[in-house]
Amino acid sequence: MAKRRIGILTSGGDCPGLNATIRGVVRSCYHLMGADNVEIVGISEGFYGLINNHCKAMNPSDFYGILTRGGTILGTKRTPYKMMQIVEDDDIDKVKQMKQTYNKWELDCLLTLGGNGTHKTANLLSEEGLNIIGLPKTIDNDIWGTDVTFGFHTAVDIGTEVIDRIHTTAHSHSRVMVVEIMGNKAGWLALYTGIAGGSDIVLIPEIPFEPKKVAEIVRMRADDGKPGLVITVAEGAMDKEEALLKRKERAKKRAEAGEVTVTNRIADFVQEEAKIETRAVVPGHMLRGGSPSAYDRILATQFGARAAALVKMGKFGYMVAKKGSDITENKLSDIAGKSRLVDVDGEMVKTARSIGMYFGD
Ligand code: F6P
């Protein structure tokens with residue numbers, strides 16, 4: 001069997017499970033094709049590394065002990081898709097350079113671990129004739145074509161612990177605690193952590209809220225004898241007025257008001273209107289730090305094993321995915337440029353509403 005040279009890169013924000021996925025791919029490749037028939041080429045800092053030829057041949061020992069390790073042993077960077085096709089003043093054609101690196105290293109294929117932006121670029125490279133396999137990473141869980149991405153459930157666990165701990169202060173001080181949860185344009189992470197953490201109110205981008213309604217609910221709960229409560233706010237949440245604006249207009253308006261997200265505005269408004277002391281808490285990047293959960297280690301291993309099987313079959317231009325309990329794959333061209341938001345009429349929102357959770361709508 002001819003030696004297969006397999007490139008791997010991690011791109012976009014880091015998240016728990018990247019190393020576990022790399023390990024799953026590598027171990028399965030060694031198992032399926034024989035360790036002597038496989039060479040793994042690690043590309044550091046995502047597509048930036050591919051553009052700039054930051055690559056190295058990896059040894060099996062480079063992958064020892066990484067199942068539990070957070071972050072990515074390869075390093076990562078955000079290289080916006082929009083920049084990819086722009087040829088810069090000094091004549092840098094990034095697509096050409098990525099192809100050059102791929103060819104220079106005589107890669108048989110390239111595995112790209114990343115989120116929506118990564119898969120757009122992966123599809124571009126696939127259309128340029130490179131053999132690409134994508135693996136769905138993100139704490140945001142917003143990748144089209146897969147029920148779940150690796151990293152998401154670990155972030156849910158971390159977010160839930162944050163909310164559990166915040167409940168203590170909310171109840172001791174009879175305060176409203178407003179917790180901001182990452183998730184970019186999607187509300188998955190806030191919705192899941194809100195449900196798991198027993199939040200009273202969850203605000204997500206898919207369901208624009210009415211600020212007065214939120215304050216009314218808080219007041220009503222206080223009048224019912226529950227003054228301490230937790231509001232979970234997705235970082236992408238927006239009120240009904242803002243929802244009428246385009247993303248850029250909304251960002252501009254917020255920038256002019258000195259805001260990035262809506263969280264502090266909600267906290268101030270609730271304190272003012274409901275007359276209850278309020279605090280805002282932003283766990284931020286803590287949500288994607290550290291070791292992956294058992295769920296994510298297993299998912300990462302399943303995704304890695306499927307990607308290795310695709311390498312062996314020579315089936316390229318796909319992203320591995322989980323649908324129901326099956327591990328499968330989608331064409332990169334079918335998922336590139338799409339994202340998966342919370343279904344406002346879906347099971348999870350119905351469940352939340354049925355236990356009396358408010359969305360402020
Ligand atoms: O996509 C993952 C994510 O953590 C989002 O939830 C968040 O909006 C973004 O990345 C933060 O990006 P950065 O690490 O570049 O600040």
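All residue numbers in this chain count up from 1 along the given sequence. Since the structure is predicted, the reported quantities are computational estimates derived from the model, not experimental observations.
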J.: In this structure, would Phe209 and Val218 fall into the same cluster of hydrophobic residues linked by side-chain contacts under 4.5 Å?
T.: yes
J.: Could you check whether any side-chain N or O of Asp108 sits under 3.5 Å from a backbone N or O of Ile6, counting only pairs where one atom can act as donor and the other as acceptor?
T.: no
J.: Under the criterion salt bridge (Lys or Arg N to Asp or Glu O under 4.0 Å), I'd like the reasoning laid out for Asp345 against Lys350: C-alpha separation, chi angles, the key distance, then a yes or no.
T.: CA-CA 7 Å; Asp345 300 314; Lys350 275 189 200 150; over 6 Å; no
J.: Does the side chain of Arg297 come under 3.5 Å of the side chain of Ser291 through a donor N or O and an acceptor N or O?
T.: yes
J.: Please evaluate residues Asn264 and Val178 with respect to the criterion side chain to side chain contact (heavy atoms under 4.5 Å, CB included), reporting the C-alpha separation (whole Å), side-chain torsions for both, the decisive distance (0.1 Å), and the verdict.
T.: CA-CA 8 Å; Asn264 285 297; Val178 183; over 6 Å; no
J.: Give me the other members of the hydrophobic cluster that Met319 sits in, counting Ile, Leu, Val, Met, Phe, Trp and Tyr linked by side-chain heavy atoms under 4.5 Å, directly or via other members.
T.: Leu9, Val41, Ile43, Phe47, Leu50, Ile51, Tyr81, Met84, Val95, Met98, Tyr102, Trp105, Leu107, Leu110, Leu124, Leu125, Leu130, Ile132, Ile143, Trp144, Leu332, Ile335
J.: Indicate yes or no for a side-chain donor-acceptor contact from Asn141 to the backbone of Thr149 under 3.5 Å, with no hydrogens or angles considered.
T.: yes
J.: Determine, stepwise, if the pair Lys323 / Asn330 fulfils side chain to side chain donor-acceptor pair (under 3.5 Å).
T.: CA-CA 10 Å; Lys323 298 257 184 66; Asn330 299 299; 3.2 Å; yes
J.: Do any N or O atoms from the side chain of Asn116 and from the backbone of Asp142 form a donor-acceptor pair under 3.5 angstrom?
T.: yes
J.: Is the number of heavy atoms from other residues, nucleotides or ligands under 6.0 Å of His173 NE2 greater than 12?
T.: yes
J.: Any salt bridge between Lys185 and Asp140, counting N to O under 4.0 Å?
T.: no
J.: Output all residues satisfying salt bridge (charged side-chain N to carboxylate O under 4.0 Å, His left out) with Arg219, sequence neighbours left out; order by chain, then residue number.
T.: Asp223
J.: More than 12 non-hydrogen atoms from neighbouring residues, nucleotides or ligands closer than 6.0 Å to NZ on Lys56, yes or no?
T.: no
J.: Under a 4.0 Å N-O cut-off, is there an ion pair linking Glu277 with Arg279?
T.: yes
J.: Measuring only between side-chain heavy atoms, which start at C-beta, is Thr138 closer than 4.5 Å to Cys15?
T.: no
J.: For Ile139 and Met182, what are the C-alpha separation, side-chain angles and deciding distance, and is it a side chain to side chain contact (heavy atoms under 4.5 Å, CB included)?
T.: CA-CA 8 Å; Ile139 63 165; Met182 274 188 173; 4.0 Å; yes
J.: For the backbone of Thr168 and the side chain of Ser172, can you confirm whether one donor and one acceptor N or O come within less than 3.5 Å of each other?
T.: yes
J.: Check for a donor-acceptor pair, side chain of Ser28 on one end and backbone N or O of Val25 on the other, with a separation under 3.5 Å.
T.: no
J.: Are the side chain of Asp296 and the backbone of Thr154 linked by a donor-acceptor contact shorter than 3.5 Å?
T.: yes
J.: Quick check: Phe152 with Tyr192 (ring centres under 6.0 Å apart)?
T.: yes
J.: Is there a path from Leu310 to Phe150 through hydrophobic residues (I, L, V, M, F, W, Y) whose side chains come within less than 4.5 Å of each other?
T.: yes
J.: Which atom names give the shortest non-hydrogen contact between Ile217 and Gly360, and what distance separates them?
T.: CD1-CA, 4.3 Å
J.: Look at atom CD of Gln100 and say whether more than 12 heavy atoms of other residues, nucleotides or ligands are closer to it than 6.0 Å.
T.: yes
J.: Strictly by salt bridge (Lys or Arg N to Asp or Glu O under 4.0 Å), give each pair with a member in residues 114-131 just once, sequence neighbours left out.
T.: Lys99-Glu128
J.: So for atom NZ, which belongs to Lys96, do other residues, nucleotides or ligands contribute more than 12 heavy atoms lying within a distance under 6.0 Å?
T.: no
J.: On the six-membered ring of Tyr318, is Lys315 placed so that its NZ or CZ lies under 6.0 angstrom from the centre and within 45° of the ring axis?
T.: yes
J.: Return the minimal non-hydrogen interatomic distance between Ala122 and Thr112, and the atom names on each side.
T.: CB-OG1, 3.6 Å
J.: Do you know the tightest heavy-atom contact between Ile327 and Arg306?
T.: CG2-CB, 3.6 Å
J.: Is Lys253 salt-bridged to Glu249, going by a charged N under 4.0 Å from an acidic O?
T.: no
J.: I'd like to know if Ile158 and Val202 are part of one continuous hydrophobic network [Ile/Leu/Val/Met/Phe/Trp/Tyr, side-chain heavy atoms within less than 4.5 Å].
T.: yes
J.: Answer yes or no: is there a donor N or O on one side and an acceptor on the other, between the side chain of Lys94 and the main chain of Val87, under 3.5 Å?
T.: no
J.: Does a side-chain N-to-carboxylate-O contact under 4.0 Å join Glu39 and Arg4?
T.: no
J.: Could you pull out the closest heavy-atom pair between Ala215 and Ala274, with the gap in Å?
T.: O-CB, 3.8 Å
J.: Counting only heavy atoms from other residues, nucleotides and ligands, does the tally under 6.0 Å from NZ of Lys275 exceed 12?
T.: yes
J.: Between Glu106 and Asn103, is there a donor-acceptor pair closer than 3.5 Å when you use the side chain of the first and the backbone of the second?
T.: no
J.: Evaluate whether atom CZ of Arg250 has more than 12 neighbouring non-hydrogen atoms of other residues, nucleotides or ligands under 6.0 angstrom away.
T.: yes
J.: Are the charged groups of Arg165 and Glu161 less than 4.0 angstrom apart, N to O?
T.: yes
J.: Does this structure show an ion pair linking Lys226 with Asp200, if we count only N-O contacts that are shorter than 4.0 Å?
T.: yes
J.: Within the side chain of Lys322, is there an N or O that forms a donor-acceptor pair under 3.5 Å with the backbone of Thr328?
T.: no
J.: Minimum heavy-atom separation for Cys29 and Val38, please, with both atom names.
T.: O-CG2, 3.8 Å
J.: When you compare the side chains of Thr72 and Asp14, does any donor N or O come within less than 3.5 Å of an acceptor on the partner?
T.: no
J.: Decide if atom CZ of Arg254 counts as having more than 12 heavy atoms of other residues, nucleotides or ligands within a radius under 6.0 Å.
T.: yes
